[in-house]
Amino acid sequence: MDIEDLRRFTVIARLQNLQKAAEYLHSSPSALSKSLKRLETSLSVQLFDRVGKQIKINASGRKLMPQAIDLLDQADKTKQQFTLQPKDSALVIAAPPIFQLRWARKLRQLQQKYFSKRSLVFKSQFERQALQMLIDGEADAIIVSDYIASEIPIGFQQITLGLMDMQVAVGNSHPLVTELSLSGLEGVRPMQDLSVLSSHLLEYEFATVTRSMICGEERGIGCDGWNDSVFPRKLSAVVDDYGVLASLVKSGLYLGYLPDFIIKDWELNRCQVTDCSLKCVDSMIWVTRENFTLQMLNNLLKG
């Protein structure tokens with residue numbers, strides 16, 4: 001039984017799709033199929049039921065999964081024992097850039113308080129790639145959304161960090177703010193909550209993203225969580241980065257649908273759409289092998 005075949009098995013078991021697993025591992029479906037066949041032959045058992053091109057983990061595969069994780073964990077720990085590690089080795093955190101923007105300062109405090117002899121390294125990875133880095137022992141901890149919580153293997157520790165709440169944002173020099181000021185809301189300053197009807201809001205141009213900033217997939221208009229089929233926006237600019245999007249909103253050129261913490265950091269105004277119940281909220285979770293790190297983070301969040 002080859003340890004790398006076992007590692008590939010855990011990815012295939014999580015995704016239950018050879019094509020997706022191949023993309024995730026930067027391999028090919030045929031290579032993964034051969035790897036899976038070698039593992040099944042070595043164990044004298046079939047781990048997946050195959051129906052046409054589809055595969056589904058069976059009882060034997062589910063039985064192997066926790067044992068595979070334990071074996072991979074032991075293999076990684078053994079490798080680390082025989083790999084010279086400097087005393088000031090890095091504390092590696094893998095996460096989508098959007099989550100790093102939210103938690104970088106808190107994690108710096110964690111490193112200063114508990115890991116002062118270790119440098120802090122942020123690895124920009126979309127959430128499934130970050131999870132694989134953690135499984136492979138290439139990251140000490142990751143930040144991902146609760147969307148992939150079910151894919152986190154048994155034995156890993158996790159804690160909810162907080163929520164990412166999407167809000168309509170507008171810069172202080174935008175015409176909408178001027179109109180509201182003239183309507184009686186005098187002296188509008190950044191970080192105000194402005195009440196507005198959807199019909200009024202949708203008269204103005206929006207800038208948006210078409211690629212998910214969490215999973216990295218190109219999902220087109222609406223991947224930011226806004227329901228354009230019900231509240232169609234005038235989309236005049238598309239970007240691949242929320243920092244660029246926030247800059248465009250700050251300049252007063254466009255409205256944007258942005259995470260609440262970016263609105264706060266960029267000192268933008270929030271638009272409360274009074275006749276729209278649309279809400280897009282994601283939970284951010286911290287995942288690690290080390291329970292003590294989880295406890296330290298929890299203390300820091302409460303402090």
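Being a predicted model, the structure only gives us computed values, none of them experimental.
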**Message:** Run the salt bridge (Lys or Arg N to Asp or Glu O under 4.0 Å) test against R102 and tell me which residues pass, sequence neighbours left out.
**Reply:** none
**Asked** Name the one of E40, E4, R8, R7 that satisfies side chain to side chain donor-acceptor pair (under 3.5 Å) with S35?
**Response** R8
**Prompt:** What heavy-atom pair brings F99 and V144 nearest, and what distance separates the two atoms?
**Reply:** CE1-C, 3.5 Å
**Message:** Looking at every non-hydrogen atom in both residues, tell me the closest pair between S27 and L32 and how far apart they are.
**Reply:** OG-CD2, 4.1 Å
**Request:** Answer yes when R270 and D165 have at least one side-chain N-carboxylate O distance shorter than 4.0 Å, and no when they do not.
**Result:** no
**Prompt:** Does the side chain of T274 come within less than 4.5 Å of L197's, by heavy atoms?
**Reply:** yes
**Prompt:** Taking all atoms of both residues into account, what is the closest heavy-atom pair of R219 and C223, and its distance?
**Reply:** CB-CB, 3.6 Å
**Request:** Flag yes if V230 and L255 sit in one hydrophobic cluster, no otherwise; membership is Ile, Leu, Val, Met, Phe, Trp, Tyr, and two members link when side-chain heavy atoms are under 4.5 Å apart.
**Result:** yes
**Prompt:** Backbone N or O of V11 within a donor-acceptor pair of the E151 side chain at under 3.5 Å?
**Reply:** no
**Item:** Heavy-atom closest contact (Y204 atom, K234 atom, distance)
**Value:** O-CB, 3.9 Å
**Prompt:** With a 4.0 Å cut-off, would you call D49 and K56 a salt bridge?
**Reply:** no
**Item:** Enclosure of F122 CZ (heavy-atom neighbours >12, cutoff 6.0 Å)
**Value:** yes
**Prompt:** Are L268 and V244 connected, step by step, through hydrophobic side chains (Ile, Leu, Val, Met, Phe, Trp, Tyr) whose heavy atoms are closer than 4.5 Å?
**Reply:** yes
**Prompt:** Aromatic rings W226 and F206: how do their planes relate, parallel, tilted or perpendicular, breaks at 30° and 60°?
**Reply:** tilted
**Asked** Which atom pair, heavy atoms only, marks the closest approach of T288 to A141?
**Response** CB-CB, 4.0 Å
**Asked** Shortest non-hydrogen contact from I285 to S145?
**Response** CD1-O, 3.9 Å
**Message:** Working to the nearest 0.5 angstrom, can you tell me the gap between M284 CE and E127 CD?
**Reply:** 12.0 Å
**Prompt:** D224 and T208: side-chain donor and acceptor closer than 3.5 Å?
**Reply:** yes
**Asked** To which residues is M133 joined in a hydrophobic cluster, defined by side-chain heavy-atom contacts under 4.5 Å among Ile, Leu, Val, Met, Phe, Trp and Tyr, whether direct or through other members?
**Response** none
